[in-house]
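Working notes, structure below.
Computed over heavy atoms, backbone and side chain alike; hydrogens, waters and symmetry mates excluded.
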Amino acid sequence: MARCIVLVLDSGGIGALPDAAMYGDAPGADTIGNVAERFGGLRMPVCERLGLGNLTAIRGVPPARLPEACVARLSERSKGKDTITGHWEMAGVTTEQPFPTYPDGFPPDVVAKFAAIAGKEPLGNVTASGTKIIAELGPEHVRTGRPILYTSADSVFQVATHEDLVPLETLYDWCRSAREMLVPPHEVNRVIARPFTGSAGGYVRTANRRDFAIPPPPNALDRLAACDVPVHAVGKIADIYAGRAIATSSRVADNEDAMERADQLLSSVDHGMIFVNLNDFDSKYGHRRDVRGYARALERFDVRLGPLLERLRADDVLVLTADHGCDPTAPGTDHTREAVPYVEFGRRRGEQPPHDGLDIVGKTALDVLLATNAEPVRT
C-alpha cells in the first residue's frame, strides 16, 4: 500500500523563466538562489544530499555528486504565476487564458454588488500588501464597520475584517457570496477572507484565512478519488481545489504546524496522497520581501524534512516542489515567474533534464498510487 507525499514550498522558485519579462518581472529572479546568496549561505544538509543544489546555484548547498533523489527543473506551461495556476498544473490542468487581474481596483459594478452583500460600501479597493492596507485602513474599518477590499498582482478578491467586529462566519458568508457573484469576465481565481485582530498600530492577520477558489477542471485528484484513493490535504490545498476529491483537510497556523501534521498523517495513513502546502514562504517572507525570514524558514524546513524521510516505507515516494516564485530580493511585492524544483525521493535517483510542465507531480502520484503499468513518467 504505497503513499505519495507532496510538499509544496509555496513560492520556492529556482530561476526566471524565459518569458518572465512578459509578466512584468525584473531580470534575474531566483527565489531560493538569491535568498541563499543575500543571506550569506544556507545550511540545508538534507536537501543538499537529495540534490536540490543541482537545480540552481544555492550558496551553502552545493550540487550533490550522486543525488539521493531524482531531481529536475520544471517550467510552467500555463499562463500565470499564481498559486491556483501552479497547483492546477501539478494536477494536469494547463491554464491557457490568464485569470483576470485588477491593478487599478475592481470596477464600480463589482464594488456595488459586494457592497450589497456586506451591507456597507467597502474601504480600499486598491492593489496593496495585506499587512500594509490593514495597518492603514484598520482604524477606519473598526470605526465604521466597512470591510476592507483589496487585490494584488494575482487574480484575487480579498476582504479583510477585524475578528472582534465581524464574526468569522459572517466574513466567510460574504466571501462565499462574492465567489458566486464574480462570474466572467470578473471570475477571479480566488476570493480570500483575511481576518485580523489587535489594535491600531499593532494589527495582526490570523490563521483563520479562507480561500474560496473556482472549481478546477477534471484533474489527477479526481482520478485518485474515482479509484478510492484518499487525498489528505494540509494547509490551503483543499481551498485551492475547491474541496473536490479531498478526503480529509487539515488547516494549519504555519509551516511548523503543516510539517507536524504531515508527520502525523504518515503515522496514521496506510495508503493515499498527502498533499501539503507550506504557505509561510510566500505570504510571510516572499511578499514581504523578508530575505532573512525566508532563509531561516528554508533551514527550518530542512530540519523537519529529515524525520519525514525516515518515516517513509519501501513503496512510498516523497516529492518536493513549488508552484511559482516570489523572490524577496526582487522589486515590488509580486510573485516572480520562475522554474520550480522537482525532487522525487523513493524510486529513482539522479539529475534529469529540464521538464516542460508541472504536471509531472500529478503523474507521479497516479503512477505510485494506482500502480499503473503505464509508461513511467519521464523528465
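Transitive grouping of hydrophobic side chains (ILVMFWY, heavy atoms separated by less than 4.5 Å) keeps I134 and L149 in distinct clusters. In this structure, W88 is a member of the same hydrophobic cluster as I246, with clusters built from ILVMFWY side-chain heavy atoms closer than 4.5 Å.
With 3.5 Å as the limit, one finds a donor-acceptor pair spanning the side chains of R311 and S267.
Taking the six-membered ring for Trp and thresholds of 30 and 60 degrees, H162 and Y203 have ring planes more than 60 degrees apart, a perpendicular arrangement. Using bins of under 30°, 30° to 60° and over 60° for the plane-to-plane angle, the ring pair Y241/F275 lands in the tilted bin.
The ring of F114 has its center no closer than 6.0 angstrom to the ring center of F106. Remark: aromatic rings of H335 and Y23 are distant, center separation not under 6.0 Å. The distance between the ring centers of F196 and H141 falls below 6.0 angstrom.
Ion pairing between a basic and an acidic side chain is recognised when a charged N comes within 4.0 Å of a carboxylate O; R337 and D19 show such pairing. Using a 4.0 Å cut-off between charged nitrogen and carboxylate oxygen, R349 and E68 do not count as a salt-bridge pair. Contact check on R190 versus D82 returns no salt bridge, with no Lys/Arg side-chain nitrogen under 4.0 Å from an Asp/Glu carboxylate oxygen. Ion pairing between a basic and an acidic side chain is recognised when a charged N comes within 4.0 Å of a carboxylate O; D239 and R209 show no such pairing.
Within the 4.5 Å cutoff, no side-chain heavy atoms of Q352 are placed close to those of Y342. No side-chain heavy atom of R300 sits under 4.5 Å from any side-chain heavy atom of N255. In this structure, T95 and K79 have side chains that are not in contact, with every pair of non-hydrogen atoms separated by 4.5 Å or more.
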> How far apart are the C-alpha atoms of R77 and D359, what are their side-chain angles, what is the distance that settles it, and do they pass the salt bridge (charged side-chain N to carboxylate O under 4.0 Å, His left out) test?
Replying inline: CA-CA 9 Å; R77 284 196 301 265; D359 55 335; 3.2 Å; yes
> Going through the distances and angles, do T85 and E76 end up as a side-chain hydrogen bond (donor to acceptor under 3.5 Å, both in side chains)?
Replying inline: CA-CA 9 Å; T85 302; E76 190 169 11; 5.1 Å; no
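Enclosure of atom NZ in K113 is not indicated, since only 12 or fewer non-hydrogen atoms of other residues, nucleotides or ligands lie within 6.0 angstrom.
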